[in-house]
Amino acid sequence: MWGEGAEGAGLDSVVFRLPRLKILGLSDNDIYKVPAEISRLGSLEELNLSKNDISDLPDEIRECRGLTRLELSSNPFTRLPQAITQLVGLTSLGLNEISLTQLPADIGNLVRENLLRSLPISICQLVQLRVLDLGCNEIDSLPSDMGSMASLEELYVDANDLEMLPDQLILCRNLEQLDVSENKLNVLPEDIGELSRLTDLNVSQNCLQVFPNSIGKLRRLSILKAQSNAITHLTPAVGSCDQLSEIFLTENLLTELPSSIGNLRYLRTLNVDKNQLVSIPTTIGGCCNLSVLSLRDNQLTDLPMDIGKCEAISVLDVAKNRLCYLPFTIKVLFKLQALWLAENQPQSLLKLQEEREPRTGVKVLTCYLLPQENDLDQRELEKTGSRSFLGGPKVHFTDDKGDTTIDEEKLPVGEFHRHDTPHPKPHGAKTKKNVDGHMIAHEEETGSQPASISLKKKTSDAVLSPSTSTSSAAVAAAAAAAAPPAPMPRSALRQFPQPDKSPSQRVTSPLQQQQQMQHQQQDNNNQSCTLICFAAYV
């Protein structure tokens, strides 16, 4: 709907009864007031109010959230309503030939979270602009004349594709907050220290390796965030930023901190997690207001005794390091509420025991989580990775025709060799047993029986005497006690009557002898089987 050239003091209320209206053109009229009913046009996309006598806009215009083009040129505006900064869908805002004396503080929010790849040079003509938010776009460079925006106090260009900042940015001397995080910056302007009013500096998630020495001139700097960069060296000039209260340097490549860090008397938070620090300067004791000290995931082997001078510490995180003990001065940190020594620590504070350091004899503190060798081994395992199942386990089968010998120590990690299942060897053929005249089988034993036996008659009884030596007689006596006596011929029994004998010396019948030999043979077989099974098991 267009109404150019139609003279009138106001707008007819019938216009606001069109909720589906998308385009409203009211240029070149005598309109001096926009009623609050403009909020009813929820579908409005384009609004042209140029060349009228409008000096103000109602706050209700913020309800036109679908508005993409707003033309306000050639009107006697002295200020823009704060509500206009909430029209985040605007792609075009015309403010030519008007009498603005100031812009809303949040006017820069109108260009955040879009797909902008570049900025027009004319944006540098907004010399009264105080806040410019260009975050979450695709901007790869800023205009070289940024220095002409002398009134700029806050600049947000986070989450873009910037590789460098214009050198003239240092001419924005009123800049207090600068956020250039999540870009591709390799360096910062060498004279960044000229931004003397800067209080917040965020350069996180870039590719920075060092800070320029001029950073020491930022005497008002309070917050420094530089996480996730490649910083290998922190300039000692940072110790001149004596108003610093928070420093975040996590996930960098720092191996040491400058001793000048002890000059930061107002420092409350120092986070240097996930670096390569091997030591902490003894000057850390000068940070008398330090409340949170996080040194997690570094390569620290000890902490300085001067840490006990940081009496305000409430949180000390030294997990995943190489500490063998803690300095005794930890006991004087009476405000300490959390001491983290391991990632899976069950409690924030643990009971510490006093000991003597073996090499120096100095009194130290320890507990069951010290030394931190387990954390170190786990960290090395995470960095190198386990090759146990790299490419999947590989099992080799040997050929049944050949016996292949493989040195398992020389096999690559993750490979296995399958050997044949060990089985006991088959039993050898049993030897035949000697059989006497009574068909009683018994094993042949040499040296367990006498070579010959003679029977002699005595008046009292008949005694069996071997015709061998004395030692042979002892062997025969032992054999006689273990084995049944040999049967005697019937003729001998008839010629020499035998007196009564004790049950142990009594001659048994052939049937009894056969039963005894069968029991003895069964016992011998069981013993032989037990020995074979034991050998197979070994």
| remark: Those residues at least two apart in sequence (or on a different chain) that pass side chain to side chain donor-acceptor pair (under 3.5 Å) with Arg17 are none

| task | May I have all residue pairs that pass side chain to side chain donor-acceptor pair (under 3.5 Å) and include part of residues 242-270, sequence neighbours excluded? | result | Ser222-Ser245

| said: Rounded to the nearest 0.5 Å, what separates atom CG in Leu253 from atom CG in Leu277? | reply: 10.5 Å

| field | side chain to side chain contact (heavy atoms under 4.5 Å, CB included) evaluation trace for Ile38 with Leu57 | value | CA-CA 10 Å; Ile38 190 73; Leu57 289 177; over 6 Å; no

| Minimum heavy-atom separation for Ile54 to Val34, with atom names? | CD1-CG2, 3.8 Å

| field | Spacing of NZ belonging to Lys351 relative to CG belonging to Leu349, to within rounding of 0.5 Å | value | 13.5 Å

| message | Nearest 0.5 Å, please: how far is CD in Gln372 from CG in Asn321? | response | 5.5 Å

| message | If we ignore hydrogens and angles and just use 3.5 Å, is the side chain of Glu71 paired with the main-chain N or O of Gly25 as donor and acceptor? | response | no

| said: I'd like to know if the side chain of Ser50 and the backbone of Ser27 have a donor-acceptor N/O pair within less than 3.5 Å. | reply: no

| query | In Å, rounded to the nearest 0.5 Å, how long is the span from CD of Gln345 to CH2 of Trp340? | reply | 5.5 Å

| said: On a heavy-atom basis, which atom in Ser148 and which in Val127 lie closest, and how many Å separate them? | reply: O-CG1, 3.5 Å

| task | Run the numbers on Leu218 and Leu224 for side chain to side chain contact (heavy atoms under 4.5 Å, CB included), then give the verdict. | result | CA-CA 11 Å; Leu218 302 178; Leu224 175 60; over 6 Å; no

| How far does SG of Cys124 sit from CE of Met146, to the nearest 0.5 angstrom? | 6.0 Å

| request: Using only heavy-atom distances, determine whether the side chains of Ser294 and Asp273 contain a donor-acceptor pair under 3.5 Å. | output: yes

| request: Determine which pairs satisfy salt bridge (charged side-chain N to carboxylate O under 4.0 Å, His left out) with at least one residue from residues 206-229, sequence neighbours left out, and list them in order. | output: Glu194-Lys217

| query | Among side-chain atoms of Gln227 and Ser204, is any donor-acceptor pair under 3.5 angstrom? | reply | yes

| side chain to side chain donor-acceptor pair (under 3.5 Å) contacts touching residues 160-174 (sequence neighbours left out) | Asn174-Arg197

| query | So, the side chain of Asn213 versus the backbone of Ala237: is there a donor-acceptor pair under 3.5 Å, distance only? | reply | no

| Test item: Leu185 and Val203 side chains (from C-beta on) under 4.5 Å apart, heavy atoms | no

| query | Between Thr360 and Glu357, what is the shortest heavy-atom contact and its length? | reply | N-OE1, 2.8 Å

| query | Within a reach of under 6.0 Å around CD of Gln276, are more than 12 heavy atoms found that belong to other residues, nucleotides or ligands? | reply | yes

| query | Nearest 0.5 Å, what's the CG-CG distance between Leu195 and Leu169? | reply | 6.0 Å

| request: Any chance you could lay out the side chain to side chain contact (heavy atoms under 4.5 Å, CB included) test for Leu188 and Ile215, step after step, and finish with the verdict? | output: CA-CA 10 Å; Leu188 293 176; Ile215 196 173; over 6 Å; no

| How about Leu165 and Ile192: do any of their side-chain heavy atoms sit closer than 4.5 Å? | no

| For the side-chain contact (heavy atoms from CB on, under 4.5 Å) test, which of Ile307, Val318, Asp317, Leu303 pairs with Leu293? | Ile307

| note | Minimal heavy-atom distance between Asn52 and Asp28, with the atoms involved, is ND2-N, 3.9 Å

| Distance-only, no hydrogens or angles: does the Asn206 side chain make a donor-acceptor pair with backbone N or O of Leu162 under 3.5 Å? | no

| message | Counting C-beta onward and ignoring hydrogens, is there a side-chain heavy-atom pair between Leu26 and Ile31 closer than 4.5 Å? | response | yes

| said: I want to check something: taking the side chain as every heavy atom from C-beta on, are Leu257 and Ile284 in contact at a cut-off of under 4.5 Å? | reply: no

| request: Start with the C-alpha gap between Leu341 and Cys367, add the side-chain angles, then the distance that decides, and say whether side chain to side chain contact (heavy atoms under 4.5 Å, CB included) holds. | output: CA-CA 10 Å; Leu341 300 175; Cys367 69; 3.5 Å; yes

| said: If we ignore hydrogens and angles and just use 3.5 Å, is the side chain of Thr282 paired with the main-chain N or O of Asp306 as donor and acceptor? | reply: no

| query | Should Leu295 and Val272 count as side-chain neighbours, where that means a heavy-atom distance under 4.5 Å? | reply | yes

| Is it true that a side-chain atom of Asn275 and a backbone atom of Ile231 form a donor plus acceptor pair closer than 3.5 Å? | no

Run the side-chain donor-acceptor check on residues 324-335: report pairs under 3.5 Å with partners two or more places apart or on a different chain.
unit_1 : atom_1 : unit_2 : atom_2 : d
Thr329 : OG1    : Met305 : O      : 2.8
Lys331 : NZ     : Glu354 : OE2    : 3.1

| message | Any side-chain to backbone donor/acceptor pair from Asp133 onto Gly135? Under 3.5 Å, distance only. | response | yes

| remark: Closest heavy-atom pair, Pro281 versus Pro258, reported as atoms and distance to 0.1 Å, is CG-O, 3.9 Å

| request: Mind checking side chain to side chain contact (heavy atoms under 4.5 Å, CB included) for Ser291 and listing every partner two or more places apart, or none if nothing turns up? | output: Ser314

| note | Nearest heavy-atom contact between Cys310 and Cys287 is SG-O, 3.8 Å

| message | Is it the case that the side chain of Asp158 and the backbone of Ser181 share a donor-acceptor pair, with hydrogens and angles ignored and the cut-off at 3.5 Å? | response | no

| request: Check whether any side-chain N or O of Ser43 sits under 3.5 Å from a backbone N or O of Pro19 as a donor-acceptor pair, and report yes or no. | output: yes

| field | Polar side chain donor-acceptor pair, Asp191 to Ser214, under 3.5 angstrom | value | no

| said: Contact between Leu72 and Phe77 at the side-chain level, heavy atoms closer than 4.5 Å - yes or no? | reply: yes

| query | Going by heavy atoms in the side chains, are Asn202 and Asp200 under 4.5 Å from each other? | reply | no

| field | Any donor-acceptor pair under 3.5 Å from Asn298 side chain to Leu254 backbone | value | no

